[in-house]
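A short worksheet on the structure shown next.
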Amino acid sequence: MDQDQYYMKRALELAKSGLGQTSPNPSVGCVIVKNDTVIAEARTQNGGKPHAEATAIDMLRENSQGAIIYVTLEPCCISSADKVSCAEKIIKSSFKKVVIGTTDPNPEINGRSIQMLKQTGIEIKVNVLKEECEEVIMGFKKRILDKVPFVTLKLAMSLDGKIALKNRQSKWITSQKQRDLAHELRAQNDAILTGIQTVIDDDPLLTCRLPNVRHNPIRIILDTAFRMPKYSQIVQTANNIRTIIFTAVSEGQNPYKNIEVIKVRADKDGLCLADVLAKLAVLGVNNLLIEAGQKVSTSFIKAKLPDKLVIFQSNKIIGADGISGIGDMNIPNISDCPQFNTIVIGENDA
């Protein structure tokens with residue numbers, strides 16, 4: 001591993017530590033090196049501002065002339081009356097070299113900052129650990145280019161694909177280690193979505209409950225006809241955790257204090273999921289995690305909306321009378337089966 005890759009690895013660690021916390025902006029890592037010593041480092045701050053480069057430069061306690069700045073994503077070049085762009089800040093800091101992981105997919109920036117920096121005579125190196133840097137911003141990239149979030153569908157299932165017993169008992173199918181990994185997954189997403197039946201059946205909190213992790217994703221509930229129990233844990237904690245209900249009922253009929261209500265189209269199968277995703281993108285959600293029951297999970301899969309499936313598979317066998325993770329698909333031919341980028345985490349893998 002050469003020097004540029006070594007320091008970009010550190011920048012990537014910083015960027016990954018901010019996943020789920022920086023929307024609507026991507027999580028970016030920045031490391032500043034002088035004489036083979038890190039003299040400042042930062043990631044994009046929670047809420048998306050300040051940017052990683054601006055924060056790292058402001059942290060400097062020595063002259064940056066001749067230093068190298070490593071950044072996982074092309075710096076911004078859009079200035080405003082009250083904000084100097086990161087590209088301009090880099091130019092004014094007299095760095096001798098800028099190392100960039102990948103270009104910004106935002107059409108307003110895409111390559112412009114790189115050209116701007118090159119014109120000043122600063123040495124530029126692009127696409128260092130590009131694939132890893134691209135992976136960190138995949139949610140932001142999809143929202144910017146496709147106007148929908150990156151969707152991860154998570155399922156916790158028995159060895160034979162069941163999510164609950166016949167009597168709907170489901171605690172606990174998976175191991176504690178698997179459940180801890182599932183909470184890490186929650187922390188890495190901007191929002192978590194479930195259906196109203198899951199709320200009624202399980203009364204979940206949909207929070208990240210891990211030591212030293214304070215971030216909770218926005219909670220999204222699909223509730224076509226306002227069936228949310230007023231004494232559910234979600235309603236009772238909505239004053240502390242941002243919560244949104246998507247419904248077919250008029251927003252003016254919101255009976256829930258501290259919960260946002262957004263109306264979308266409905267059809268015979270329920271709410272229009274494409275509308276839900278489009279509206280979440282407008283809200284700045286880059287990465288969406290789905291943790292839902294059979295009906296909602298099946299609807300997303302039928303519509304081919306997930307970008308990735310994460311399956312936590314236990315060693316337990318429930319049997320044919322259990323509730324399957326995926327419902328009827330009515331597929332006539334094997335060639336018609338939808339396929340997804342899938343990660344399976346077994347009990348022995350956790």
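For F300, the ring pair (Phe, Tyr, Trp, His ring centres under 6.0 Å) test picks out no residue, with sequence neighbours left out. With sequence neighbours left out, Y256 forms a ring pair (Phe, Tyr, Trp, His ring centres under 6.0 Å) with F226.
Heavy atoms of other residues, nucleotides or ligands lying less than 6.0 angstrom from CG of N35 number 12 at most. Other residues, nucleotides and ligands place more than 12 heavy atoms under 6.0 Å from the CD atom of Q176. Around the NZ atom of K142, the shell of radius 6.0 Å holds more than 12 heavy atoms that belong to other residues, nucleotides or ligands. Residue-environment remark: CZ (F340) exceeds the threshold of 12 foreign heavy atoms within 6.0 Å. The 12-atom threshold is not exceeded at CD of E135, counting heavy atoms of other residues, nucleotides or ligands nearer than 6.0 Å. At most 12 heavy atoms of other shown residues, nucleotides or ligands fall within 6.0 angstrom of atom NZ in K295. Around the NZ atom of K316, the shell of radius 6.0 Å holds more than 12 heavy atoms that belong to other residues, nucleotides or ligands.
Under 3.5 Å, the side chains of T237 and R219 contain a donor-acceptor pair of N or O atoms. R112 and Q115 share no side-chain donor-acceptor pair at under 3.5 Å. The closest side-chain donor-acceptor pair between S335 and N333, if any, does not fall under 3.5 angstrom.
The CG atom of L206 lies 4.5 Å from the CD1 atom of I234; values are rounded to the nearest 0.5 Å. Taking CD1 of I241 as the reference point, atom CG of L205 lies at 6.5 Å (rounded to 0.5 Å).
Grouping Ile, Leu, Val, Met, Phe, Trp and Tyr by side-chain contacts under 4.5 Å, direct or through others, puts I137 with V28, I32, I39, I57, L60, I69, V71, L73, I90, I91, F95, V98, I100, I114, M116, L117, I122, I124, V126.
Between V199 and D223 there is no side-chain heavy-atom pair separated by less than 4.5 Å. Under the 4.5 Å side-chain criterion, counting only non-hydrogen atoms from C-beta, K9 is in contact with E132. Q188 places none of its side-chain heavy atoms less than 4.5 Å from the side chain of L289. Annotation: side chain of W172 is not in contact with side chain of Q178 (no heavy-atom distance under 4.5 Å). At a threshold of 4.5 Å between non-hydrogen side-chain atoms, the residues L193 and V151 do not count as touching.
Hydrophobic cluster membership is shared by L14 and M8, with clusters built from Ile, Leu, Val, Met, Phe, Trp and Tyr side chains linked at under 4.5 angstrom. No continuous path of hydrophobic side-chain contacts links I163 to I318 [ILVMFWY only; heavy atoms under 4.5 Å].
Electrostatic pairing of E13 and K16 does not count as a salt bridge here, judged by no charged N lying under 4.0 Å from a carboxylate O. Between K92 and E88 no salt bridge is recorded (no basic side-chain N to carboxylate O distance below 4.0 Å). Between R242 and E260 there is a salt bridge, since at least one side-chain N of the basic residue sits less than 4.0 Å from a carboxylate O of the acidic one. Salt bridge absent: E53 and K89 never bring a charged side-chain N and a carboxylate O closer than 4.0 Å.
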### Query
When you look at D160 and S158, which way does the side chain to side chain donor-acceptor pair (under 3.5 Å) test go after all the steps?
CA-CA 5 Å; D160 53 343; S158 65; 2.5 Å; yes
### Message
Applying side chain to side chain donor-acceptor pair (under 3.5 Å) to E347 and S175, what does each step give before you reach the verdict?
### Response
CA-CA 7 Å; E347 286 193 19; S175 68; 5.0 Å; no
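Across V276, L283, V282, a single residue satisfies side chain to side chain contact (heavy atoms under 4.5 Å, CB included) together with I262, and that is L283.
Distance alone, capped at 3.5 Å, is enough to place a donor-acceptor pair between the R61 side chain and the M59 backbone.
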